[in-house]
Amino acid sequence: MTIIDVVDLKKYFTLSTPILEMETGVVKAVNGISFHINHGETLGLVGESGSGKTTTGKLILRLLKPTAGKILLEGRDISKISDREFRAIRKDLQVVFQNPYASLDPKMTIQDILTQPLTIHKIVQPLEYSKEVVRLLNLVGLSKKDANRFPHEFSGGQRQRIGIARAISTKPKFIVCDEPVSALDVSIQSQILNLMMDLQREFKLSYLFIAHGLNVIKHVSNRVAVMYLGKIVEVGNAETIFNTPKHPYTKALISASPIPDPDIKRERIILKDEIPSPINIPTGCTFHTRCAECMDICRSNEPELQGLDEHQIACHLVNF
Ligand code: SF4
């Protein structure tokens, strides 16, 4: 059963000159994507900077208004409901941000940071706040004595634990994890990822896990969607995507991710040029300007995402 269904979602930003107030271009940050997330699973969303991953997360959290499309939470289109209706279900959707340094108010104690969502969403009675804060701290590997400290007294990994405690404080169903470990030392990353997976099992959480590196995505995801210039170019079960990638862009991303075993060698696929600007999206297959396997048809005809639910690809090379 799905918790999130995204249907033909688009987000365009209009650019204009401040003086003449003239439109100078349109950034197609998210350009017609559809995917689903099942209850209790993690969908890894991967792609380079500028692919539209973070915008997708913000659209699901209603931090941005879509240009078109639907976002269904357990079948209900949350992009169309009023702010008042959304406030009632806001506690079901939470977020863990990339930067644990910027996402916690430096003037608030951890007790206050964790009490805030309990108060707003009436999760427990006021008399229970302190006990609940200690429970949340224990769940993320911190202790009661940490409640009266300030964010600057913690390491990056500990701050991200506090960010996770805040996210689970409202007993959410679904969490957008926006590059939650990319600002942390590699030695700390796996501890935080393991904590997130333990909490997922314990509380049956569903995650949209956004990352630009496939090694992190591989560690946590049940399914993976690969984004390029606002579109999903390949999506499927994590094992299928990593073992038998079909899209040339996915193959290039996988070839660039480090292999822990030094005896295993893998040929690196170097992509030419940078990702094009989303203001000026190439015609046909948007990846054709960088694809070593580009054919004539790729420059004019845009390939559709096709295949079975377990594995879908948008590429003219793949026959279905
Ligand atoms: Fe490359 Fe063509 Fe496939 Fe696009 S459709 S990824 S250009 S082969």
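What's counted below: heavy atoms across the whole structure, side chains too, no hydrogens, waters or symmetry copies. Read the numbers this way: they start at 1 and go in the same order the structure lists the ligands and their atoms.
Using a 4.0 Å cut-off to heavy atoms of H247, the atoms of ligand 1 that qualify are 6 (S). Every atom of ligand 1 is numbered from 1 in the order shown, and the set under 4.0 Å from a heavy atom of L317 is 8 (S). Counting the atoms of ligand 1 from 1 in the order shown, those under 4.0 Å from a heavy atom of H288 are 7 (S). Close contacts of ligand 1 with C291, meaning ligand atoms under 4.0 Å from a residue heavy atom, involve 1 (Fe), 6 (S), 7 (S), 8 (S). Below 4.0 Å from some heavy atom of F287 lie the following atoms of ligand 1, by number and element: 6 (S).
Looking from atom 4 (Fe) of ligand 1 to the surrounding protein, the closest heavy atom is C285 SG, 2.3 Å. Protein heavy atom in closest approach to atom 5 (S) of ligand 1: H316 N, 3.2 Å. The single protein non-hydrogen atom nearest to atom 3 (Fe) of ligand 1 is C315 SG, 2.3 Å, given as residue, atom name and distance.
Under 2.8 Å from atom 2 (Fe) of ligand 1 lies an N/O/S atom of C298, whether from backbone or side chain.
Remark: K28 NZ is loosely packed, at most 12 non-hydrogen atoms of other residues, nucleotides or ligands lying under 6.0 Å away. Remark: H311 NE2 is packed, more than 12 non-hydrogen atoms of other residues, nucleotides or ligands lying under 6.0 Å away.
Electrostatic pairing of R223 and E310 does not count as a salt bridge here, judged by no charged N lying under 4.0 Å from a carboxylate O. Salt bridge status for K246 with E234: absent, with no side-chain N to carboxylate O gap under 4.0 Å. Looking at K144 and E132, no side-chain N of the basic residue comes within less than 4.0 Å of a carboxylate O on the acidic one, giving no salt bridge. Looking at K58 and D178, no side-chain N of the basic residue comes within less than 4.0 Å of a carboxylate O on the acidic one, giving no salt bridge.
Proximity of R290 to P276: side-chain heavy atoms (C-beta onward) are separated by under 4.5 Å at one or more points.
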